[in-house]
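Worksheet: one structure, shown below.
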Amino acid sequence: MKPITITIDGPAGAGKSTTARRVAEKLGYVYIDTGAMYRAVTLAALRANIPFEEKPLNDLCNSLNIVLEQSFDGQRTFVSGEDVTSLLRQPDVTDAVSAVSAVPAVRRHLVQRQREIGLNGGVVMDGRDIGSVVFPYAQVKVFLVADIEERTRRRLEEAKASGADTDEKQLRKRIVERDKLDSERSDSPLVKPEGSVEIDTTNLTVDEQVNRILDLVKSYQRTYALIDAYGKI
Ligand code: DC
């Protein structure tokens, strides 16, 4: 069957990247973490010390070449030839990324890149606006949610694992602030995309989340196999 496009949107800590990566592995598809692209632009903006405004960010995006590569340990992000993967989750980038990604010039550049990457299907793409703006006609669209306590717990685990900031209150506050900025911006805010299936991951294991999405894919494929068969009768 022709490879399809799967979109996974949702707030920070809902389980998007872990789930999307595993779904892609199971299907032999490419996993695209679009948050890393917004983080890459944010890192470059911080380094260049420019204001988070339309004109300077538009010029910056014109000068950057963002390339995503798949490696055995996941997606690697290159900016103009430099591998910046390990820098993208630094607190200063995380704190600034919502402001940078609210600027329309940044969204125009990155949405265009994402559409080019996903043009032929066979991708699982996660982010905030993938099912609503980037690929509104994707065959399988998922909206992942989880309650704030569980999302904080997950981020805390990740922070501990990488030896970063582990203050629980601070982490929760940052997640709430980022959700608010991402949901209230005027250009392509975080919303539940029309036609998406909502999955609450609060009490689900990663395997359960992955299997629910694989079930949606199977059900899509069964429906279209039937339509194809009828078409031939
Ligand atoms: O998924 P993440 O935490 O790495 O995303 C970082 C930020 O990037 C997020 O707070 C908002 C922005 N983002 C976006 O605006 N649109 C996307 N498709 C993906 C991420």
When you compare the side chain of [Y] with that of [X], does any pair of heavy atoms fall below 4.5 Å?
X: Tyr38; Y: Val106; answer: yes
X: Leu110; Y: Ile66; answer: yes
X: Val217; Y: Ile4; answer: yes
X: Leu46; Y: Phe52; answer: yes
X: Arg115; Y: Met125; answer: no

Backbone of [Y] reached by a side-chain donor or acceptor of [X] within 3.5 Å:
X: Ser188; Y: Asp129; answer: no
X: Asn211; Y: Asp207; answer: yes
X: Lys26; Y: Leu214; answer: no
X: Thr19; Y: Gln209; answer: no
X: Lys192; Y: Ser196; answer: yes

Give a yes or no on whether a salt bridge exists between Glu208 and Arg212, defined as a side-chain N under 4.0 angstrom from a carboxylate O.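 So Glu208 does not pair with Arg212 through a salt bridge.
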As a test of understanding, state which of Thr7, Ile6, Leu119, Val111 forms a side-chain contact (heavy atoms from CB on, under 4.5 Å) with Phe135.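 Only match with Phe135 under side-chain contact (heavy atoms from CB on, under 4.5 Å): Thr7.
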Could you tell me whether the side chains of Asn65 and Ser80 share a donor-acceptor contact shorter than 3.5 Å?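 No donor-acceptor contact under 3.5 Å links the two side chains.
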What's the spacing between [X] [atom1] and [Y] [atom2] if we round to 0.5 Å?
X: Arg47; Y: Ile50; atom1: CZ; atom2: CD1; result: 13.0 Å
X: Ser17; Y: Asp33; atom1: OG; atom2: CG; result: 6.5 Å
X: Arg21; Y: Asp126; atom1: CZ; atom2: CG; result: 9.0 Å

Residue of the set Arg89, Arg178, Arg174 for which salt bridge (charged side-chain N to carboxylate O under 4.0 Å, His left out) holds with Asp95: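 Result for salt bridge (charged side-chain N to carboxylate O under 4.0 Å, His left out) with Asp95: Arg174.
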Test log, rule side-chain contact (heavy atoms from CB on, under 4.5 Å), inputs Arg107 and Ser101: CA-CA 6 Å; Arg107 307 208 69 80; Ser101 54; 3.7 Å; yes
Among Ile, Leu, Val, Met, Phe, Trp and Tyr joined by side-chain contacts under 4.5 Å, find the other residues sharing a cluster with Ile175 and list them by chain and number.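 When side chains under 4.5 Å apart are linked, the cluster holding Ile175 also contains Ile148, Val176.
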